[in-house]
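All figures in this text were calculated on a predicted structure; none of them were measured in a lab.
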Amino acid sequence: MDAYDEGSRARHLPDGPDGSLPEGPASTDPTPDSTPSTDQESTDQEFIGQESIGQESAPQQPASQAPTAQAPDALAPDPQAPTADPPVPTPTPTGIASLPLRSQVVAALALAVVAVVACVHLGMVFLHVAPSNTVTKQHGRAIDDWIYPEFEQNWKLFAPNPLQQNIDVQVRAQVRGADGAITETGWYDLSALDGAAIDGNLLPSHTQQNELRRAWDFYIGTHDNENRPVGLRGDLSQRYLRRIVVLRLDREGAGGKGAVVEGVQVRSRTTNVPPPKWSEEKVSDTPVLRELPWWTVPEEDVTDARTEASAG
């Protein structure tokens, strides 16, 4: 009965303070294979089995995943350390700002001059087409000097009865050849030459379209039917038309190489535009000629004509 009790206590964990079995009285059973000895062995096996189960329950890491000691990386950035802002790129100056200071000043002055001239021109044109007012009465002469003859405004396109005539401006000249002889050329149809230059040209120049026509309109608007000037602009319109025809004659080589234009005569050939077939309107198809007197060409007109011809 005592042996059974000791064996029963031996199946539990040791009760000693250091984990060893407590010392007790020696067994009085002389038999070596007694029951207490058997119970002691089973207790030891149970204890060993518990240790082996504890070791198996602990997760084992493979060798490839075993933690290895790593040296601290001195180059790795610290995520908590403050980072410097990236440099802001400086924009490259463009336009006038990219020029040197002296060029900027010159460009600014040029733009200012162009702006002033444009504003003055727009103001003059506005005063020219505006109804009569105090400014036009006091400064009408200055406005006319600015507008005529190059910038004259014509509103015939918006008239109730638009222009229904074809007007050809023609000119002939008296030229002095290299031998000193004076000869008279035939008629040059300047309007037909302008029409041939415009025909098929997608971007005809302003001079080809309007210069000669506007000069003739300017002349007949400042002269009566006897070719006498009316008003203060009569002489200006005559000189303007004469310079244009002299320039055209020089372009066409009137009189041959080295010839000098001594005098010119201008005429117009006006024909009515035939009405459409469905119209009952009847107009004459006979051309109407208007010949101007011969004009002596000053030397300055010849020189200016040759200068403009060489520049063009």
Side-chain angles (χ1 to χ4, degrees), residues 128-129 132 136-137 140-157 159-176 182-195 207 209-250 252 254-255 260-274 281-302 304-305:
H128 173 67
V129 300
S132 179
T136 56
K137 291 178 180 179
R141 183 64 180 271
I143 296 173
D144 290 344
D145 291 341
W146 181 277
I147 295 296
Y148 294 105
E150 287 83 0
F151 306 117
E152 182 185 1
Q153 304 297 311
N154 189 333
W155 302 102
K156 289 183 179 180
L157 177 63
N161 188 18
L163 188 64
Q164 299 179 357
Q165 294 175 330
N166 288 326
I167 301 175
D168 293 333
V169 179
Q170 302 171 349
V171 62
R172 63 181 177 180
Q174 293 176 346
V175 296
R176 177 166 47 85
I182 301 295
T183 60
E184 185 177 303
T185 66
W187 290 100
Y188 288 87
D189 194 337
L190 303 182
S191 298
L193 294 175
D194 286 346
T207 57
Q209 299 178 80
N210 298 317
E211 183 183 51
L212 182 62
R213 178 180 62 83
R214 301 291 296 150
W216 179 255
D217 290 344
F218 183 30
Y219 178 84
I220 63 176
T222 55
H223 289 74
D224 58 16
N225 293 332
E226 301 298 328
N227 299 320
R228 291 174 298 192
V230 178
L232 300 176
R233 295 180 295 160
D235 181 64
L236 174 63
S237 63
Q238 177 178 328
R239 288 187 287 112
Y240 182 57
L241 180 61
R242 185 182 65 219
R243 289 169 66 91
I244 290 178
V245 297
V246 170
L247 175 62
R248 298 293 182 89
L249 289 171
D250 188 77
E252 297 298 325
V260 178
V261 178
E262 298 284 345
V264 294
Q265 185 182 23
V266 182
R267 76 177 184 183
S268 66
R269 185 176 184 271
T270 304
T271 56
N272 294 320
V273 176
E281 183 181 1
K282 302 297 182 180
V283 296
S284 175
D285 56 357
T286 302
V288 177
L289 299 177
R290 178 177 177 176
E291 290 188 1
L292 306 184
W294 283 91
W295 293 335
T296 302
V297 178
E299 183 65 26
E300 60 180 7
D301 286 359
V302 177
D304 293 344

Heavy-atom side-chain contact between [X] and [Y] under 4.5 Å:
| X | Y | value |
| --- | --- | --- |
| N166 | V273 | yes |
| V264 | R242 | yes |
| L193 | R248 | no |
| V266 | Y219 | no |
| V245 | Y188 | no |
| V261 | D250 | no |
| V230 | T222 | no |
| Q165 | V288 | no |

Just how far is it from atom [atom1] of [X] to atom [atom2] of [Y], taken to the nearest 0.5 Å?
| X | Y | atom1 | atom2 | answer |
| --- | --- | --- | --- | --- |
| L212 | Q170 | CG | CD | 10.5 Å |
| E262 | T183 | CD | OG1 | 10.0 Å |
| I244 | L249 | CD1 | CG | 12.0 Å |
| N210 | R213 | CG | CZ | 4.5 Å |
| R243 | D301 | CZ | CG | 5.0 Å |
| D144 | L236 | CG | CG | 10.0 Å |

Least distance between heavy atoms, [X] atom then [Y] atom:
| X | Y | answer |
| --- | --- | --- |
| W146 | F151 | O-CD1, 3.4 Å |
| N225 | R290 | CA-NH2, 4.1 Å |
| S284 | N272 | O-ND2, 3.0 Å |
| S268 | I167 | CB-CG2, 4.2 Å |
| S237 | H223 | OG-CE1, 3.2 Å |
| P229 | G234 | CB-CA, 3.8 Å |

Take L232 and R141 through the test side-chain contact (heavy atoms from CB on, under 4.5 Å) and record every step on the way to the result. CA-CA 10 Å; L232 300 176; R141 183 64 180 271; 3.9 Å; yes

- Aromatic rings Y148 and H128: how do their planes relate, parallel, tilted or perpendicular, breaks at 30° and 60°?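 Aromatic pair Y148/H128 classed perpendicular.
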
Please lay out, stage by stage, how E211 and Y240 fare under the test side-chain contact (heavy atoms from CB on, under 4.5 Å).
-> CA-CA 10 Å; E211 183 183 51; Y240 182 57; 4.2 Å; yes

**OP:** May I ask you to check whether over 12 heavy atoms, not counting those of L289, lie within 6.0 Å of atom CG?
**Re:**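 Yes.
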
T185 side chain vs R172 backbone, donor-acceptor pair below 3.5 Å: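 No, T185 side chain to R172 backbone: no donor-acceptor pair under 3.5 Å.
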
